[in-house]
Each structure stands twice: as structure tokens, then as C-alpha cells.
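As the structure lists them, so they are numbered: ligands from 1, and atoms in each ligand from 1. The first residue in the sequence is number 1, and the count goes up from there. Only heavy atoms go into these numbers, but all of them, side chains included; no hydrogens, no water, no symmetry mates.
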Amino acid sequence: MTDSFLTGRVAVVTGAGRGIGRATAITLAQAGADPVIAARTASELEETAREVESAGRFCLPVVTDITDEAACDRLIDRALERFGKIDILINNAGAARFGAVWDLSTADFDFNLDVNLRGTFFCSRAALRAMMPRRSGHIVNIASSSGKKPYVSQGAYCASKAAVISLSKVMALELRPYGIRVNVICPGGVDTRMAEEIHPTRDKTGWIRAEDVAGAVVYLLSAPSNIVLDELVIRRFESEPM
Ligand SMILES: NC(=O)c1ccc[n+]([C@@H]2O[C@H](COP(=O)([O-])OP(=O)(O)OC[C@H]3O[C@@H](n4cnc5c(N)ncnc54)[C@H](OP(=O)(O)O)[C@@H]3O)[C@@H](O)[C@H]2O)c1
């Protein structure tokens, strides 16, 4: 493998047991990064770790529930113990429970906010405490097209992703003096287990692939230092521009 701008970079990727997170961890490893991967299911993390290692990079799997603030702190501590630094954080772990506003239980409303918004906040805060003294770092948050426009039955999910977009932009502003970059990606429908669970009967021909989003992450990380790509919207060619 020839050296790239990612060679030897330490990248924490949440939700890396499957789907977009797994594809991102593998793509980053293929480009030379060493991923620290987090999710709740150990067996899925182990499978991702095997694929990362077969790309010739180190991988540290850390079973983590990102709704647990102390667990997010431990994830970052484990990464620092193993690698001594964190260069990149990909806040990808996410989940969805849908329902019309009048039907949605408080528990399901909170679930969307807990995983998507609070989890992103907990991991970012913990990682920033390691990045800020080094005055360098890069955070990419995976939001959704659902954060940019309304979809029926997605009130809590849309609100959680709109909040992730807003949080990302405040972070970008607050962290600029520390040399830390923050981007947000808003994909439309991606053919993963989440999409299969939400839309089991939809034909997913032409849908975005997890690898497409992973490629976009690398693209954002590769931006020259004089520019920032604040927000990247990815949609199916067949869908309407946002
Ligand atoms: N698929 C789409 O159409 C689509 C579109 C736009 C945006 N997105 C966003 O993209 C991200 C990845 O989604 P995906 O489609 O790849 O979904 P996925 O295939 O279901 O993967 C989600 C990953 O997140 C992890 N995760 C879920 N809850 C977690 C928690 N509490 N703590 C730690 N890890 C957790 C899962 O592992 P465990 O269950 O083992 O914890 C899994 O590794 C999400 O933020 C999602 O909202 C998806």
C-alpha cells in the first residue's frame, strides 16, 4: 500500500458493526488509517475487525452503547490507550423508530434522540477533549436527508437528524480556532439493514450503497486545508434534488 494522507491516522468509527459504519471503517483502513470501531454487537465488530486487518491495518473493536455517556468516554479512553491519539471521529451509529406524531410513544421519541443526537454529542465531546490540546482533528457526522426535509411517520427521526446537522455547524464554528474540522453528510436511502427494517417491501435497485457513503467520508477528509465542505447531501440519481 502506498502512503496517503490517511496513513497512520487513527479513526474512531461508531456503528461500525455493519452498514455504512462497517464500509467506512474498511474504506478508511484501505486508505491507510487504523480504525477504532464501536457498536453494541461484539460479533459484528469482530467481523469488521477481520476485514480491516486483512487490509493490513490495526483495528481496535470496543463494544459501546453510545446512549451511555460513560461508555462513550471509555471508548475514547481505550482508543487513546491503544494509539495515543485520535485524528478522526466518524459519528455514524444511528437508529430509527418511526410513527405518526399522534401515535409515537414517548419511549420511541426519546430513542431516536438518544441514539442519534445524544450519542453524537457524547462521542464528540469525549473525542474533542483529546483533539483540542493537539489543535487538530476531523469529525464527520452522518445525519440524513431526513434532517433536511419532512417524511411522513419520521417526526422524531427527522428532528434528531436536523439537530445533528445543527450541532455539526455549531461544532464547526466553535472548533475552528482549534484547527478541528467538522462536516456533516446527509444521505438519502442507503441499502443497509436499517433500510431493510424500515422499508422491507421497497425495491432498493439504484439505492445508495454503504460504500458510496464511505467514499464520501474519505472525500471530505481529503479536502485541502484552505477549504471546508460543511455539508454533503447524497441522493439517488433518480430522486429529486434537495
Ligand atoms: N440506511 C439509510 O437509508 C440511511 C439514510 C440516511 C442516514 N442513515 C444513517 O446512517 C447511519 C448508519 O446507518 P446504517 O444504515 O448503516 O444502519 P445499520 O446497518 O442498522 O447500522 C447501524 C450501526 O449502528 C450501530 N448502533 C445502533 N445503535 C447503537 C447504539 N446505541 N450504540 C452503538 N452503536 C449503535 C449498530 O450496531 P448495534 O445494533 O450492534 O449497536 C450498527 O453497527 C445512521 O446514523 C443512520 O441514521 C442511514
Task: N116 versus S160, side-chain donor and acceptor atoms under 3.5 Å - done: yes
- [ ] Determine, considering heavy atoms only, which of A195, G94, A38 sits nearest to atom 22 (C) of ligand 1.
- [x] G94
Task: S146 near ligand 1 by a heavy-atom separation under 4.0 Å - done: no
TODO: Salt-bridge test for D77 and R74: reply yes if a basic N is under 4.0 Å from a carboxylate O, no otherwise.
DONE: no
TODO: Return yes or no for this condition: an N or O of G189 is under 3.5 Å from an N or O of ligand 1.
DONE: no
Task: Ligand-residue contact atoms, ligand 1 with D65, heavy atoms, under 4.0 Å - done: 30 (C), 31 (N), 32 (N)
TODO: Select the closest option to atom 9 (C) of ligand 1 among G17, A143, A25, A96, judged by heavy-atom distance.
DONE: A143
TODO: Show which atoms of ligand 1 fall inside a sub-4.0 Å distance from at least one heavy-atom site of G15.
DONE: 23 (C), 24 (O), 25 (C), 42 (C), 43 (O)
Open item on the list: Checking contacts here: is it the side chain or the backbone of I66 that comes within 4.0 Å of ligand 1, counting heavy atoms only? Could be both or neither.
Closed with: both
- [ ] Tell me which one of N92, I142, I234 gets a heavy atom nearest to atom 45 (O) of ligand 1.
- [x] N92
Task: Geometric N/O contact V115 with ligand 1, under 3.5 angstrom - done: no
- [ ] May I ask you to check if ligand 1 and I20 share an N or O to N or O distance below 3.5 Å?
- [x] yes
Open item on the list: Between R22 and E44, does any NZ, NE, NH1 or NH2 come within less than 4.0 Å of an OD or OE carboxylate oxygen?
Closed with: no
Open item on the list: Would N116 count as being in polar contact with ligand 1, using the rule that some N or O on each side must be under 3.5 angstrom apart?
Closed with: no
Open item on the list: Below 30° counts as parallel, above 60° as perpendicular, anything between as tilted: where do the rings of H199 and W207 land?
Closed with: perpendicular
- [ ] Please determine if W207 has a nitrogen or oxygen closer than 3.5 Å to a nitrogen or oxygen of ligand 1.
- [x] no
Open item on the list: Taking R57 first and then D34, would you say they form a salt bridge - that is, a charged N and a carboxylate O separated by under 4.0 Å?
Closed with: yes
Open item on the list: Can you confirm, on distance only, whether ligand 1 has an N/O atom lying under 3.5 Å from any N/O atom belonging to S145?
Closed with: no
Task: Polar contact flag for S144 and ligand 1 (N/O pairs, less than 3.5 Å) - done: no
TODO: Record the part of F111 in heavy-atom contact with ligand 1 below 4.0 Å; permitted values are side chain, backbone, both and neither.
DONE: neither
Task: Nearest non-hydrogen protein atom, atom 5 (C) of ligand 1 - done: G188 O, 3.1 Å
- [ ] Determine whether the side chains of N141 and S168 contain a donor N or O and an acceptor N or O closer than 3.5 Å.
- [x] yes
- [ ] Please state which part of R22 comes within less than 4.0 Å of ligand 1, counting heavy atoms only: side chain, backbone, both or neither.
- [x] neither
- [ ] Return yes or no for this condition: an N or O of R18 is under 3.5 Å from an N or O of ligand 1.
- [x] yes
Task: Pairing of E196 and R193 as salt bridge, 4.0 angstrom limit - done: no
Task: Atoms of ligand 1 close to T41 [distance to a heavy atom under 4.0 angstrom, numbered from 1] - done: 38 (P), 40 (O)
Open item on the list: Under 3.5 Å between any N/O of P187 and any N/O of ligand 1: does that happen in this structure?
Closed with: no
Task: For T64, atoms of ligand 1 separated by under 4.0 Å from a heavy atom - done: 32 (N), 33 (C)
